Student: 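Pasting a structure here, questions to come.
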Amino acid sequence: MNEPAFSAAARRAGVCPGRLTAPMTRREMLKASATGFAWLALSALTQQRAFGAPTAPHFPAKAKSVIFLFMDGGVSHVDSFDPKPALAAHEGEPWSGDPARKWVKSPWNFAQHGESGMWVSELFPHISGCVDDIAVIRSMKADLPIHSTGVLLLHTGHNLAGRPSLGSWMSYGLGSENENLPGYVVLSFGHVPVGGMEAFGSGFLPSNFEGTIIRADGAPIENITPADAAAQQRIELQFQRQQDARFAARLGGDDAVESAMRNYELAARMQSLVPDVLDETKESKSIRELYGLDDPDRNTRLYARQCVRARRLVENGVRFIQVNCPYGLSNGTWDQHGNLKAGHEKNARQTDRAVAALIMDLKQRGLLDSTLILWAGEFGRTPHAPKPNGRDHHPEGFSVFLAGGGVKGGVVHGATDEFGVNAVENVTDMHDLHATVLHLAGLDHEKLTFRYAGRDYRLTDVSGRVVKAILA
């Protein structure tokens with residue numbers, strides 16, 4: 001039998017007969033196509049706004065950016081935005097679900113505010129002044145009364161680690177408005193939330209869509225100041241790029257290596273812009289007073305700094321900004337199983353002023369209409385407890401609010417029952433909330449998919465509906 005021609009040719013060339021030529025990488029294909037003009041075109045495109053997006057938005061977006069104010073630990077809905085007179089009327093009486101647990105009334109008074117007459121607890125004197133700009137969803141429902149799974153569900157739409165976060169999906173779907181800044185930024189206080197760093201991770205999406213963490217105190221990002229002169233750094237970066245490209249080529253093209261290359265290149269560009277964007281010392285005296293940038297309480301001051309940074313990042317085209325709470329308890333800042341009054345008052349005092357300032361500041365700058373604010377925790381807290389000075393985890397019904405970015409202000413959507421135990425009217429789950437956020441950003445949650453392990457995944461899994469009642 002004659003020897004196959006390819007085998008003979010391979011042996012004459014000194015190549016193993018079974019060797020397969022590595023497939024051409026995307027970069028190599030573009031460089032080889034049309035005498036390199038395809039590569040030239042890509043280089044030009046990456047300099048334009050919204051580079052890196054797989055597709056254009058599915059429809060015109062109301063929100064160009066999203067600011068997610070993460071209230072970790074679980075804010076008590078019956079002490080914030082969902083007044084329950086029945087709790088006061090039945091204070092100390094056994095809960096029907098467990099006689100050892102008694103109804104606990106709110107230690108704070110509620111009052112109506114704004115033209116809408118929305119009920120808000122005295123816990124939030126500043127946010128109560130913004131009610132005509134916010135939409136409260138009182139009928140949120142999560143899956144489990146566990147911090148770790150609750151945090152992951154809120155961030156990724158799934159109770160287990162390994163899925164991309166909401167910020168990563170938005171960055172993946174829309175690309176970046178500013179090539180010198182990441183599309184997804186987490187303004188942190190240096191601690192890892194319950195549920196782990198996967199809450200900010202890109203999961204199976206390329207790693208360049210992962211959240212970039214910026215600390216509240218000290219150096220915001222490690223090594224943001226160049227160690228070498230600009231000319232030397234350019235030479236080092238070019239060398240690194242060449243080495244990584246050769247490594248990726250040997251692998252036949254590798255998304256992980258290419259993502260790492262993009263991250264290095266972005267980090268180099270960030271060095272010239274990030275220090276200026278994050279410098280709140282340039283803010284006027286009136287803005288400093290509005291947010292509380294000079295407050296004597298350290299956590300209040302640092303939270304104000306992160307909220308100002310959120311606004312500055314929006315002004316510079318960052319798609320998704322998350323602001324975490326100042327570090328409090330190990331299971332989440334708002335996790336008051338005991339000392340409810342002291343704990344919730346401390347947390348509200350440290351965050352309320354800056355949250356309201358952010359809404360007002362964006363509005364006066366004409367940015368609120370194009371910026372969506374989401375204020376949410378992983379669940380609420382029980383209307384009943386074994387002791388009268390605390391509340392436990394409660395996923396069956398709780399409150400969140402949204403503002404700006406296409407949201408109708410002064411609106412209350414959904415309801416819990418008489419005691420605040422279960423969501424009973426217009427029940428809204430995490431997939432519904434995520435679908436609504438994506439919709440306001442111009443993305444159809446059913447069409448925003450990524451193929452992984454043989455199937456198409458999406459943030460909202462196989463469910464989710466847009467909460468149209470809160471849309472302007």
Side-chain angles (χ1 to χ4, degrees), residues 61-63 66-71 74-86 106 110-121 123-124 127-143 150 153-154 157 166 355-356 359 363 368-369 371-381 383 394-441 443-445 459-460 463-472:
K62 296 290 182 68
V66 174
I67 299 175
F68 172 27
L69 304 172
F70 175 39
M71 299 291 130
V75 183
S76 172
H77 56 298
V78 296
D79 296 309
S80 55
F81 298 100
D82 194 2
K84 295 298 175 184
S106 178
F110 280 76
Q112 290 181 286
H113 296 272
E115 294 182 6
S116 60
M118 187 183 295
W119 290 91
V120 182
S121 158
L123 259 180
F124 299 110
I127 294 175
S128 64
C130 301
V131 293
D132 290 333
D133 291 310
I134 72 176
V136 173
I137 301 178
R138 286 182 179 167
S139 53
M140 285 300 304
K141 185 176 176 62
D143 288 355
L153 181 65
L154 171 62
L166 170 59
V355 170
I359 295 172
K363 188 174 182 178
L368 187 60
D369 287 342
T371 305
L372 176 65
I373 293 175
L374 168 63
W375 183 98
E378 65 267 35
F379 40 57
R381 309 207 71 79
H394 193 70
E396 291 84 8
F398 60 102
S399 300
V400 304
F401 77 72
L402 301 92
V407 169
K408 192 185 303 181
V411 170
V412 173
H413 178 74
T416 54
D417 61 35
E418 177 184 19
F419 291 92
V421 176
N422 294 298
V424 293
E425 180 183 314
N426 296 319
V427 178
T428 306
D429 65 23
M430 289 298 182
H431 290 150
D432 299 332
L433 183 64
H434 291 157
T436 304
V437 171
L438 292 179
H439 175 84
L440 290 167
L443 296 168
D444 184 332
H445 71 103
L459 172 64
T460 54
S463 61
R465 56 181 178 79
V466 176
V467 184
K468 295 183 179 179
I470 68 169
L471 305 186

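These figures come from a predicted structure and were not determined experimentally. Computed from heavy atoms alone, side chains included, the values below leave out hydrogens, waters and symmetry copies.
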Student: Sequence neighbours left out, what passes side-chain hydrogen bond (donor to acceptor under 3.5 Å, both in side chains) with D143? Give chain and number order.
Tutor: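 Only N159 meet the side-chain hydrogen bond (donor to acceptor under 3.5 Å, both in side chains) criterion with D143.
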Student: Test of understanding: with side-chain contact (heavy atoms from CB on, under 4.5 Å), list the residues that count as partners of A61, not counting sequence neighbours.
Tutor: none
Student: Hey, does T428 have a side-chain heavy atom less than 4.5 Å from the side chain of K141?
Tutor: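 No, side chains not in contact.
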Student: Holding to salt bridge (charged side-chain N to carboxylate O under 4.0 Å, His left out), I want the full list of residues that pass it with K84, two or more places apart in sequence or in another chain.
Tutor: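 Result, salt bridge (charged side-chain N to carboxylate O under 4.0 Å, His left out) vs K84: D82.
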Student: Stepwise, does the side chain to side chain contact (heavy atoms under 4.5 Å, CB included) test hold for L471 with V466?
Tutor: CA-CA 9 Å; L471 305 186; V466 176; 3.9 Å; yes
Student: Can you tell me how far apart NZ (K62) and CG (L372) are? Round to the nearest 0.5 Å.
Tutor: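 That separation rounds to 11.5 Å.
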Student: Answer whether the closest heavy-atom distance between the side chains of I359 and L368 falls below 4.5 Å.
Tutor: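 Counting from C-beta outward, I359 and L368 do come under 4.5 Å.
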Student: What I'd like to find out is whether the side chain of V412 reaches to under 4.5 Å of the side chain of R138, using heavy atoms alone.
Tutor: yes
Student: Could you pull out all residues at least two apart from S128 that satisfy side-chain contact (heavy atoms from CB on, under 4.5 Å)?
Tutor: H113, V120
Student: Rounded to the nearest 0.5 Å, how far apart are CD1 of I127 and OG of S80?
Tutor: 9.5 Å
Student: Report yes if some heavy atom in the side chain of L402 is under 4.5 Å from a heavy atom in the side chain of I137; otherwise report no.
Tutor: yes
Student: On the 0 to 90° scale, with breaks at 30° and 60°, tag the F81-F124 ring pair as parallel, tilted or perpendicular.
Tutor: parallel
Student: Write out all pairs satisfying salt bridge (Lys or Arg N to Asp or Glu O under 4.0 Å) with one or both partners inside residues 429-441, taking only residues at least two apart or from two chains.
Tutor: D432-R465
Student: Step by step, work out the side chain to side chain contact (heavy atoms under 4.5 Å, CB included) result for V75 and W375.
Tutor: CA-CA 10 Å; V75 183; W375 183 98; 3.9 Å; yes
Student: Find out whether I67 and T371 are in side-chain contact, i.e. whether some heavy atom of one side chain is under 4.5 Å from a heavy atom of the other.
Tutor: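 In contact.
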Student: Can you list every side chain to side chain donor-acceptor pair (under 3.5 Å) pair that touches residues 396-405, not counting sequence neighbours?
Tutor: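 Pairs touching residues 396-405 that pass the test: H394-E396.
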Student: Who passes side-chain contact (heavy atoms from CB on, under 4.5 Å) against D444, sequence neighbours left out?
Tutor: H58, F59, E446, K447
Student: Mind checking the CD-CG spacing from E378 to L153? Nearest 0.5 Å is all I need.
Tutor: 10.0 Å
Student: By side-chain hydrogen bond (donor to acceptor under 3.5 Å, both in side chains), which residues pair with H445, not counting sequence neighbours?
Tutor: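 Expected list: T460.
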Student: Is there side-chain contact between I470 and T436, with at least one heavy-atom pair below 4.5 Å?
Tutor: yes
Student: Before you tell me yes or no, could you show the steps for V136 and H413 under side chain to side chain contact (heavy atoms under 4.5 Å, CB included), namely the whole-Å CA-CA distance, both residues' side-chain angles and the distance that decides it to 0.1 Å?
Tutor: CA-CA 6 Å; V136 173; H413 178 74; over 6 Å; no
Student: Are H77 and F379 packed together at the side-chain level, in the sense that at least one heavy-atom pair is separated by less than 4.5 angstrom?
Tutor: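 Not touching, per the 4.5 Å side-chain cut-off.
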Student: If only atom types and distance count, is the side chain of E425 paired as donor or acceptor with the main-chain N or O of A415 below 3.5 Å?
Tutor: no
Student: If you round to the nearest 0.5 Å, how far is CE of M430 from CG of L433?
Tutor: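 Going from CG on L433 over to CE on M430, the span is 6.5 Å.
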Student: Mind checking ring-ring contact (aromatic ring centres under 6.0 Å, His included) for F110 and listing every partner two or more places apart, or none if nothing turns up?
Tutor: none
Student: Run the ring-ring contact (aromatic ring centres under 6.0 Å, His included) test against F398 and tell me which residues pass, sequence neighbours left out.
Tutor: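 Listed in chain order: nothing, the list is empty.
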Student: Listed by chain and number, what are the side-chain contact (heavy atoms from CB on, under 4.5 Å) partners of D132, not counting sequence neighbours?
Tutor: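 Testing D132 for side-chain contact (heavy atoms from CB on, under 4.5 Å), a comparison that skips the adjacent residues, returns E115, S116.
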Student: Which pair of non-hydrogen atoms, one from A423 and one from S139, has the smallest distance, and what is that distance?
Tutor: CB-O, 3.6 Å
Student: Are the side chains of I373 and I134 in touch, meaning some heavy atoms are under 4.5 Å apart?
Tutor: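 Answer no - side chains too far apart.
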Student: Before you tell me yes or no, could you show the steps for V407 and F401 under side chain to side chain contact (heavy atoms under 4.5 Å, CB included), namely the whole-Å CA-CA distance, both residues' side-chain angles and the distance that decides it to 0.1 Å?
Tutor: CA-CA 10 Å; V407 169; F401 77 72; over 6 Å; no
Student: Look only at the side chain of S121 and the backbone of D79, and say whether a donor-acceptor pair between them is shorter than 3.5 Å.
Tutor: yes
Student: Can you name the salt bridge (charged side-chain N to carboxylate O under 4.0 Å, His left out) partners of K408, sequence neighbours left out?
Tutor: none
